[in-house]
Asker: 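One structure coming up, written as structure tokens, with questions to follow.
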Amino acid sequence: MLPDKQILRRLQQAVSAVLPEADLSMVMVRPCPDPKFGDYQSNALISLAKARKMNPRQLAENVLGKLDLSNICEKVEIAGPGFLNFRLKPAALAETLTAAARGEHLSFDQSSPPRTVVLDFSSPNVAKPMHVGHIRSTILGDCLARTLRLLGNKVITDNHIGDWGTQFGKLIVGWKKHLNAGALAADPISEMERLYKLVNAAGESDPRILDEARQELVKLQSGDGENLKIWREMLALSQKQFDEIYARLGIKFDFSLGESFYNDRLKSLVDELVGKNVARESEGAIAVFLEDQPQLKDKPALIRKSDGGFNYATTDLATLEHRLKTWHPDEIIYVTDGRQQLHFQQVFGAFKKWHAESQTRLAHVWFGSILGEDGKPFKTRAGETVKLADLLDEAEERAFNIVSEKNPSLPEAERREIARVVGIGAVKYADLLPNRQSDYVFSWDKMLALNGNTAPYLLYAYTRIRSIFRKLEAERQKMELNPAAPEEISLAKHLLNFGLTLEAVAGEYRPNFLCNYLYDLAGKFTAFYENCPVLKADKAMRDSRLVLCDLTARVLKKGLDTLGIEVVDQM
RNA sequence: GCACCCGUAGCUCAAUUGGAUAGAGCAUUUGACUUCGGAUCAAAGGGUUGCAGGUUCAAGUCCUGCCGGGUGCGCCA
């Protein structure tokens with residue numbers, strides 16, 4: 001068991017010995033903000049004492065009387081208003097990391113008990129290009145899936161593709177009247193996009209075209225053979241595009257159940273909600289009113305339009321029901337743009353009225369927009385949305401130019417491969433680094449910068465470690481870590497916090513915690529690297545430092561992998 | 001009008017149940033052994049955390065008001 005967990009467990013036991021009724025979930029242990037205080041701290045006793053009108057320092061004394069950590073910690077100190085400061089004994093640090101070096105752990109534990117989590121993210125639309133608007137959901141969702149899996153949870157990823165909606169009326173009209181087969185073969189997404197825009201524009205001046213589109217939609221939804229065939233072809237062409245993008249991003253989904261999958265359930269679902277008095281007629285539509293929530297008082301969720309058609313909320317409720325029945329998850333996480341907050345409040349609220357007994361946690365993990373350097377929504381120079389494929393191309397191209405400049409002697413194929421990893425990694429890292437709820441300004445230069453908190457910087461730190469092992473000639477004698485220099489100790493202790501960081505990422509759905517942890521790790525490694533020779537050190541010290549290098553590389557690699565970023569041995 | 005989010009160094013961003021002296025990078029200034037990879041490192045300056053109150057042992061974080069910006073608000077998804 002990792003030291004922080006041991007401290008936590010025994011501290012909780014000691015607290016419960018002194019205050020048997022105390023809520024132990026409030027008792028937490030975290031890394032100290034400043035190493036001068038110690039390695040770990042707990043401030044739980046301050047609030048526990050305040051709530052009971054006790055003196056916090058006296059309570060701390062009493063708890064310490066029941067707390068024996070002498071096998072792993074120095075004497076526990078009470079500081080300030082009642083902080084407990086824990087400092088690891090060097091032997092405990094060395095022992096834990098030596099076990100890690102033997103492959104027994106990598107500074108994190110599996111969650112207990114494992115939970116089943118459904119993750120809904122990415123959700124592109126059929127017949128449209130994937131654009132920057134999809135990138136955050138896709139990358140954030142994938143990272144959360146990886147994090148939760150790493151911690152031992154059962155994760156089901158489901159891509160809720162937009163494959164069923166009013167846009168297909170216009171698309172089918174365009175397909176039937178204006179399709180350019182050659183263009184479709186060359187670039188199907190652009191051709192479908194062209195058709196949609198064409199019919200959309202025509203519809204603005206000629207209402208008969210809109211009427212035609214509505215009729216084609218009705219035919220499609222009532223199962224017309226020809227329209228279904230066209231729809232299926234559009235689906236297949238789009239799926240091919242999605243697959244290409246996801247392959248480049250290294251992302252896989254367990255399921256891709258689009259909106260159309262739930263079509264057959266929508267009518268009966270609305271009937272059921274009306275029958276159960278969850279929903280009722282209002283101004284010709286059917287709505288679920290959520291009076292019990294003040295913010296939603298005047299914001300009912302519409303589940304059937306006055307023309308009999310169904311809404312986004314209807315499909316989402318059917319989807320929710322399907323996921324619960326099929327996978328029995330402990331939690332369902334939706335990763336979408338922040339503009340959908342109201343929508344998810346409505347869907348979750350409506351669901352609670354429908355299934356008050358459900359224990360499944362519903363989480364809307366939302367994120368801010370990507371802005372251009374002018375502070376407005378990120379667009380191309382021509383003012384169009386930036387296509388994801390173009391963005392990835394440019395990232396790789398820019399990375400290729402940098403690699404070629406820095407390392408002209410490498411064969412081109414190798415430079416291409418490095419550029420792929422660095423370019424894609426840089427895009428992902430730039431997206432995961434900001435607090436997800438902030439809007440952020442997209443900048444190529446910042447993203448591919450060689451220093452600062454960027455993917456290339458982390459990858460560079462990794463390649464330096466790999467380089468040491470390439471140069472290593474003599475046999476390693478001992479797999480044992482004995483950090484002595486301050487830079488070694490600081491690095492070693494930071495390695496232990498990988499697990500706490502992963503738990504924070506999973507708990508708050510914030511990958512940027514992991515980015516910042518890895519950046520600190522790379523920084524601490526570099527400080528070590530500058531001050532502590534490895535290959536030139538004498539034998540015992542060299543072996544110990546090799547262990548430290550190896551563990552750092554493994555945590556860096558695993559951490560980057562959790563962010564969805566590959567590594568390279570040279571760059 | 002109502003609701004949600006945001007306002008932190010010149011710029012772009014951090015800050016883990018409220019927790020100890022608000023941290024990075026860029027830019028600026030100064031410095032480093034022809035290096036276990038200089039795509040590096042060390043150091044300096046730069047802050048009344050939009051404003052005003054309040055709660056607390058402790059507030060960038062919570063509450064109230066104000067100012068400024070963004071987003072959403074019944075038949076799009």
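Each chain gets a letter, A, B and so on, in the order the sequences are listed, and its residues count up from 1. Atom set for the values below is all heavy atoms of this structure, side chains included, hydrogens, waters and symmetry mates excluded.
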Asker: What's Asp298(A) touching, base or sugar-phosphate or nothing? Going by heavy atoms closer than 4.0 Å.
Answerer: nothing
Asker: Which nucleotide, G70(B), A24(B), A20(B), lies nearest any side-chain atom of Tyr519(A)?
Answerer: A24(B)
Asker: Minimum heavy-atom separation for Pro434(A) to Asn512(A), with atom names?
Answerer: O-CB, 3.9 Å
Asker: Quick one: label Ser467(A) by what it contacts on the DNA or RNA (base, sugar-phosphate, nothing), any heavy atom closer than 4.0 Å.
Answerer: base
Asker: Say you pick atom P in U17(B) and the same atom in C6(B); how far apart are they, in whole Å?
Answerer: 15 Å
Asker: Look at all strands and tell whether Ala79(A) reaches a base, only sugar-phosphate, or nothing, counting heavy atoms closer than 4.0 Å.
Answerer: base
Asker: Considering every strand shown, what is the Watson-Crick or G-U wobble mate of G1(B) when both distances are under 3.5 Å?
Answerer: C73(B)
Asker: Touch check for Phe83(A), heavy atoms < 4.0 angstrom, all strands: base, sugar-phosphate only, or nothing?
Answerer: base
Asker: Rounded to whole Å, how long is the line connecting atom CG of Leu491(A) with atom C1' of C41(B)?
Answerer: 16 Å
Asker: May I ask you to check whether Phe83(A) and Phe37(A) place their ring centres under 6.0 Å from each other?
Answerer: no
Asker: Which nucleotide wins on minimum distance to the side chain of Glu283(A), given the candidates C36(B), G74(B), A24(B)?
Answerer: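 Output: G74(B).
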Asker: So for Thr166(A) and C76(B), does any side-chain atom that can act as donor or acceptor lie under 3.5 Å from a complementary atom in the base?
Answerer: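 Such a pair does not exist between side chain and base.
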Asker: Taking the nucleotide of RNA chain B with the closest heavy atom to each, which residue, Arg304(A) or Lys471(A), is nearer the 5' end?
Answerer: Lys471(A)
Asker: Is the closest basic N to carboxylate O distance between Lys197(A) and Glu193(A) below 4.0 Å?
Answerer: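 Result for this pair is yes, salt bridge flagged.
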Asker: What is the nucleic acid contact for Cys532(A), judged by heavy atoms within less than 4.0 Å: base, sugar-phosphate only, or nothing?
Answerer: base
Asker: Any side-chain N or O of Tyr457(A) less than 4.0 Å from the OP1 or OP2 oxygen of C41(B)?
Answerer: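 Affirmative; the distance criterion is met.
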Asker: Is the distance from OP1 or OP2 of C2(B) to the nearest side-chain N or O of Lys299(A) less than 4.0 Å?
Answerer: no
Asker: Are Phe348(A) and His364(A) close enough that their ring centres sit under 6.0 Å apart?
Answerer: no
Asker: Need one value for Thr315(A): base, sugar-phosphate or nothing, where a base atom within 4.0 Å counts as base even if backbone is also close, heavy atoms only.
Answerer: nothing
Asker: Please give the distance between the P atoms of U34(B) and A22(B) as a whole number of Å.
Answerer: 39 Å
Asker: Please work out if Asp337(A) contacts a base, only the sugar-phosphate, or nothing of the nucleic acid, heavy-atom cut-off 4.0 Å.
Answerer: nothing
Asker: When you measure from every atom of RNA chain B, which of residues 496-518 of chain A have a heavy atom less than 4.0 Å away?
Answerer: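 Going residue by residue through residues 496-518 of chain A, the ones with a heavy atom under 4.0 Å of RNA chain B turn out to be Asn512(A), Phe513(A), Asn516(A).
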Asker: Pick base, sugar-phosphate or nothing for Asn407(A), based on heavy-atom distances below 4.0 Å to the nucleic acid.
Answerer: base
Asker: Within the pair Ser438(A) and A14(B), is there a side-chain N or O less than 4.0 Å away from OP1 or OP2?
Answerer: yes
Asker: Quick check for you: among G74(B), C5(B), G19(B), whose closest atom lies nearest to any side-chain atom of Trp366(A)?
Answerer: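 Ranking G74(B), C5(B), G19(B) by closest atom to the Trp366(A) side chain puts C5(B) first.
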Asker: What does Thr463(A) touch in the nucleic acid at a heavy-atom separation under 4.0 angstrom: a base, only the sugar-phosphate, or nothing?
Answerer: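 The answer is base, as Thr463(A) lies within the cut-off (heavy atoms under 4.0 Å) of a base atom.
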Asker: So which nucleotide does G47(B) pair with, by the Watson-Crick or G-U wobble rule with both distances under 3.5 Å?
Answerer: none
Asker: Starting at the 5' end of RNA chain B and moving along, which residue's nearest nucleotide shows up first, Trp164(A) or Val534(A)?
Answerer: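 With Trp164(A) and Val534(A) compared, the 5'-side residue is Val534(A).
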Asker: Would you say the side chain of Asn85(A) and the base of A20(B) hold a donor-acceptor pair, judged only by whether the two atoms sit under 3.5 Å apart?
Answerer: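 Under the 3.5 Å cut-off, the side chain and the base do form a donor-acceptor pair.
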Asker: Taking atom P in both G25(B) and U40(B), what distance in whole Å separates the two?
Answerer: 11 Å
Asker: Side chain of Gln41(A) only, please: which of A20(B), U17(B), G37(B) is the nearest?
Answerer: A20(B)
Asker: Taking the same atom, P, in U49(B) and in G65(B), what whole-Å distance lies between them?
Answerer: 22 Å
Asker: Among the candidates A3(B), G72(B), C57(B), find the nucleotide nearest to the side-chain atoms of Arg339(A).
Answerer: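 Nucleotide nearest to Arg339(A)'s side chain: G72(B).
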Asker: Applying the Watson-Crick and G-U wobble criteria at under 3.5 Å, what pairs with A27(B)? Answer none if nothing qualifies.
Answerer: none
Asker: Donor-acceptor pair under 3.5 Å: do we get one between Ser47(A)'s side chain and the base of G18(B)?
Answerer: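 Flag unset: no donor-acceptor pair detected.
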Asker: For a quick test of reading the model: is some side-chain N or O of Lys305(A) closer than 4.0 Å to OP1 or OP2 of C76(B)?
Answerer: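 Yes, because at least one side-chain N or O of Lys305(A) sits under 4.0 Å from OP1 or OP2 of C76(B).
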Asker: Scan every strand shown for a Watson-Crick or G-U wobble partner of G7(B), both distances under 3.5 Å, and answer none if you come up empty.
Answerer: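 Partner of G7(B): C67(B).
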Asker: Any carboxylate oxygen within less than 4.0 angstrom of a Lys/Arg side-chain nitrogen, looking at Asp431(A) and Lys428(A)?
Answerer: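 No, this pair does not count.
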Asker: Check this for me: does any side-chain nitrogen of one of Asp271(A) and Lys267(A) sit under 4.0 Å from a carboxylate oxygen of the other?
Answerer: yes
Asker: What nucleic acid atoms does Phe525(A) come within less than 4.0 Å of, heavy atoms only: base, sugar-phosphate, or nothing?
Answerer: nothing
Asker: Among C33(B), C13(B), U16(B), which nucleotide has an atom closest to any side-chain atom of Pro434(A)?
Answerer: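 Looking only at side-chain atoms, Pro434(A) lies closest to C13(B).
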Asker: Side chain of Leu535(A) only, please: which of C36(B), U40(B), C75(B) is the nearest?
Answerer: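 Of the candidates, C36(B) comes closest.
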Asker: When you measure from the side chain of Leu302(A), which nucleotide among G74(B), C13(B), A39(B) comes out closest?
Answerer: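 Of all the options, the side chain of Leu302(A) is nearest to G74(B).
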Asker: If the test is ring-ring contact (aromatic ring centres under 6.0 Å, His included), which one of Tyr440(A), Phe442(A), Trp444(A) qualifies with Phe378(A)?
Answerer: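 Only one of Tyr440(A), Phe442(A), Trp444(A) forms a ring-ring contact (aromatic ring centres under 6.0 Å, His included) with Phe378(A), namely Phe442(A).
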Asker: Identify whether any heavy atom of Glu405(A) sits under 4.0 Å from a base atom; if not, whether one sits that close to sugar-phosphate; answer base, sugar-phosphate or nothing.
Answerer: nothing
Asker: Please classify the nucleic acid contact of Asn43(A) as base, sugar-phosphate, or nothing, using heavy-atom distances under 4.0 Å.
Answerer: base
Asker: Quantified in whole Å, what is the P atom distance between nucleotide U28(B) and nucleotide C11(B)?
Answerer: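 Each nucleotide's P atom is 16 Å from the other's.
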Asker: May I have the distance from Gln346(A) (atom CD) to C75(B) (atom P), rounded to whole angstrom?
Answerer: 12 Å
Asker: Could you check whether Asn435(A) and Arg510(A), counting side-chain N and O atoms only, form a donor-acceptor pair closer than 3.5 Å?
Answerer: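 Short answer, yes.
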Asker: Scan side-chain atoms only and decide if Tyr429(A) and Asn453(A) contain a donor-acceptor pair under the 3.5 Å cut-off.
Answerer: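 Side chains of Tyr429(A) and Asn453(A): pair found under 3.5 Å.
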Asker: Determine the interplanar angle of the His494(A) and Tyr517(A) rings, folded into 0 to 90°, and report it as parallel if under 30°, tilted if 30 to 60°, perpendicular if over 60°.
Answerer: parallel
Asker: Centres of the Phe528(A) and Phe525(A) rings: under 6.0 Å?
Answerer: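 They qualify: ring centres under 6.0 Å apart.
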Asker: On a heavy-atom basis, which atom in Lys524(A) and which in Ser490(A) lie closest, and how many Å separate them?
Answerer: NZ-OG, 3.1 Å
Asker: Side chain of Pro81(A): nearest nucleotide among C57(B), U12(B), A77(B)?
Answerer: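 Ranking C57(B), U12(B), A77(B) by closest atom to the Pro81(A) side chain puts C57(B) first.
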Asker: Describe the nucleic acid contact of Gln167(A) in one word from base, sugar-phosphate, nothing, applying a heavy-atom distance below 4.0 Å.
Answerer: nothing
Asker: Suppose you measure atom P in U8(B) against the same atom in G69(B); what distance do you get, rounded to whole Å?
Answerer: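 Comparing P positions in U8(B) and G69(B) gives a spacing of 14 Å.
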Asker: Indicate, with a heavy-atom threshold strictly under 4.0 Å, whether Leu342(A) touches base, sugar-phosphate, or nothing.
Answerer: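 Since only primed, P, OP1 and OP2 atoms lie under 4.0 Å of Leu342(A), the category is sugar-phosphate.
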Asker: For nucleotides G60(B) and A52(B), find the distance between their P atoms and express it as a whole number of Å.
Answerer: 14 Å
Asker: Can you tell me how far C1' in G19(B) sits from the matching atom in U29(B), rounded to whole Å?
Answerer: 35 Å
Asker: Counting heavy atoms from C-beta on, name the nucleotide in G74(B), A14(B), G19(B) closest to the side chain of Ile46(A).
Answerer: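 Nucleotide nearest to Ile46(A)'s side chain: G19(B).
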